[in-house]
Novice: 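The structure under discussion is supplied below as structure tokens; questions concerning it will follow.
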Amino acid sequence: MKYEKGITTSSVIIYVIAITVVIGTFSVISANFYNSIRTTNQKNSYSKKYTEFVSYFAKDVQEDDNKVIAAGETTGSQGEKIEYIKFKNGNIYKYSENTKTIYKNDSVICDNIDTCNFSYTEYDVNKGQVTVEFKSGSFDKTANEALVFYTKK
């Protein structure tokens with residue numbers, strides 16, 4: 001019998017199937033990779049908002065001879081719930097549920113915030129405790145993970 005060189009129909013079908021499996025595998029791997037990158041970028045975006053807010057807020061909390069005058073909840077002009085905290089130096093931080101925005105003295109600090117609650121309690125005779133619950137997207141700093149500052153009275 002004579003040995004013939006060439007490509008048979010069955011070998012072409014096997015090559016096509018093998019190439020299809022390889023391309024499919026690479027597409028699934030790259031899709032998962034890009035989804036992971038997108039999720040990481042979203043988490044970084046949320047933590048960036050948190051860091052930006054904390055940088056402003058910590059400066060006021062840690063300022064010498066600055067104490068909390070009032071903290072709580074009020075109703076805005078359109079009937080929306082507004083969380084606020086007011087300091088002795090005159091700075092007021094507000095969170096509006098309608099706009100999902102945190103303000104410092106009517107200037108926007110960050111937006112697209114799901115939750116921001118301010119509370120103040122007396123910790124002991126010389127200190128007060130400021131607690132801030134913050135949630136933006138999947139970035140959740142509420143309940144046991146809430147931001148806590150201690151201030152002088």
Novice: With rounding to the nearest 0.5 Å, note down the distance linking CD in Glu80 to OG1 in Thr99.
Specialist: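 If we round to the nearest 0.5 Å, Glu80:CD and Thr99:OG1 are 7.5 Å apart.
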Novice: Please examine the side chains of Phe57 and Ile85, heavy atoms only from C-beta on, and report whether any two atoms are closer than 4.5 Å.
Specialist: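 Yes, their side chains come closer than 4.5 Å.
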Novice: Determine whether Thr101 and Ser96 make a side-chain contact, defined as any pair of heavy atoms from C-beta on separated by less than 4.5 Å.
Specialist: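 No. Closest side-chain heavy atoms not under 4.5 Å.
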Novice: So, using ring-ring contact (aromatic ring centres under 6.0 Å, His included) as the criterion, who are the partners of Tyr150 when residues are at least two apart?
Specialist: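 Partners of Tyr150 by the ring-ring contact (aromatic ring centres under 6.0 Å, His included) criterion, ordered by chain and then number, come out as Tyr123.
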Novice: Applying salt bridge (Lys or Arg N to Asp or Glu O under 4.0 Å) as the test, list every pair that has at least one member in residues 46-57; sequence neighbours left out.
Specialist: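 As it turns out, there is no salt bridge (Lys or Arg N to Asp or Glu O under 4.0 Å) pair with a partner in residues 46-57 once direct neighbours are skipped.
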Novice: Could you tell me whether Tyr56 and Tyr93 have their ring centroids closer than 6.0 angstrom?
Specialist: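 No, ring centres 6.0 Å or more apart.
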Novice: Can you get from Tyr84 to Val68 by hopping between Ile, Leu, Val, Met, Phe, Trp and Tyr side chains that sit under 4.5 Å apart?
Specialist: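 Cluster IDs for Tyr84 and Val68 differ.
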Novice: Determine whether Ile92 and Ile102 fall in the same hydrophobic cluster, where Ile, Leu, Val, Met, Phe, Trp and Tyr are linked whenever their side-chain heavy atoms lie under 4.5 Å apart.
Specialist: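 In one cluster with Ile92: Ile102, no.
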Novice: For Ser55, what residues pass the side chain to side chain donor-acceptor pair (under 3.5 Å) criterion, not counting sequence neighbours?
Specialist: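 Result, side chain to side chain donor-acceptor pair (under 3.5 Å) vs Ser55: none returned.
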Novice: Tyr103 and Val132: same hydrophobic cluster, using ILVMFWY side-chain contacts below 4.5 Å?
Specialist: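 No, separate clusters.
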Novice: Could you note down all residue pairs passing side-chain hydrogen bond (donor to acceptor under 3.5 Å, both in side chains) where residues 14-26 supplies at least one of them, sequence neighbours left out?
Specialist: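 Residue pairs passing side-chain hydrogen bond (donor to acceptor under 3.5 Å, both in side chains), neighbours aside: none found.
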Novice: Roughly how far, to the nearest 0.5 Å, is CD of Gln129 from OG of Ser119?
Specialist: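 Answer rounded to 0.5 Å: 7.5 Å.
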Novice: In chain order, what residues pass the side-chain contact (heavy atoms from CB on, under 4.5 Å) check against Ser10, with sequence neighbours excluded?
Specialist: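 Partners of Ser10 under the side-chain contact (heavy atoms from CB on, under 4.5 Å) test: Thr8.
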Novice: For the atom pair NZ (Lys135) and CD1 (Ile113), what is the distance rounded to the nearest 0.5 Å?
Specialist: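 That separation rounds to 12.0 Å.
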Novice: If you group Ile, Leu, Val, Met, Phe, Trp and Tyr whenever their side-chain heavy atoms sit less than 4.5 Å apart, what else falls in with Ile29?
Specialist: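 Members alongside Ile29: none; it stands by itself.
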Novice: Stepwise, does the side chain to side chain contact (heavy atoms under 4.5 Å, CB included) test hold for Thr151 with Lys67?
Specialist: CA-CA 7 Å; Thr151 62; Lys67 63 182 180 178; 5.6 Å; no
Novice: Taking atom CZ of Phe87 and atom CG of Asn105, what is their separation to the nearest 0.5 Å?
Specialist: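 Going from the CZ atom of Phe87 to the CG atom of Asn105 covers 10.5 Å.
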Novice: Taking all non-hydrogen atoms of both residues into account, name the closest pair between Gly76 and Ile82 and its distance.
Specialist: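 Of all heavy-atom pairs spanning Gly76 and Ile82, the closest is CA-CD1, 3.6 Å.
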Novice: Mind checking the CG-CD spacing from Asp64 to Gln62? Nearest 0.5 Å is all I need.
Specialist: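 Separation between the atoms: 9.5 Å.
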Novice: Can you measure from CG (Asn32) to OG (Ser36) and round to the nearest 0.5 angstrom?
Specialist: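 If we round to the nearest 0.5 Å, Asn32:CG and Ser36:OG are 6.5 Å apart.
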Novice: Side chain to side chain donor-acceptor pair (under 3.5 Å) with Glu133: which residues, sequence neighbours excluded?
Specialist: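 By the side chain to side chain donor-acceptor pair (under 3.5 Å) rule, Glu133 matches Asn117.
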Novice: Provide the full list of salt bridge (Lys or Arg N to Asp or Glu O under 4.0 Å) pairs with a residue in residues 112-122, sequence neighbours left out, each pair given once.
Specialist: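 Of all non-adjacent pairs touching residues 112-122, those that pass salt bridge (Lys or Arg N to Asp or Glu O under 4.0 Å) are Glu122-Lys153.
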Novice: Which heavy atom in Lys127 sits nearest to a heavy atom in Asp124, and how many Å separate them?
Specialist: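 Looks like N-OD1, 2.8 Å.
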Novice: Using side chain to side chain donor-acceptor pair (under 3.5 Å) as the criterion, list what pairs up with Asn126, not counting sequence neighbours.
Specialist: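 Asn126 satisfies side chain to side chain donor-acceptor pair (under 3.5 Å) with no residue once adjacent residues are dropped.
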Novice: Sequence neighbours left out, what pairs pass salt bridge (Lys or Arg N to Asp or Glu O under 4.0 Å) with at least one residue falling in residues 88-113?
Specialist: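 Sorted pair list: Asp60-Lys104, Asp65-Lys88, Lys81-Glu97, Lys94-Asp106.
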Novice: Does Phe134 have any ring-ring contact (aromatic ring centres under 6.0 Å, His included) partners at least two apart in sequence or in another chain, and if so, which?
Specialist: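 Partners of Phe134 under the ring-ring contact (aromatic ring centres under 6.0 Å, His included) test: Tyr50, Phe53.
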Novice: Could you tell me which non-hydrogen atom of Ala71 sits nearest to which non-hydrogen atom of Tyr120, and how far apart they are?
Specialist: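 The pair with the smallest heavy-atom distance is CB-CB, 4.0 Å.
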Novice: Sequence neighbours left out, what passes side chain to side chain donor-acceptor pair (under 3.5 Å) with Ser138? Give chain and number order.
Specialist: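 Side chain to side chain donor-acceptor pair (under 3.5 Å) list for Ser138, sorted by chain: empty.
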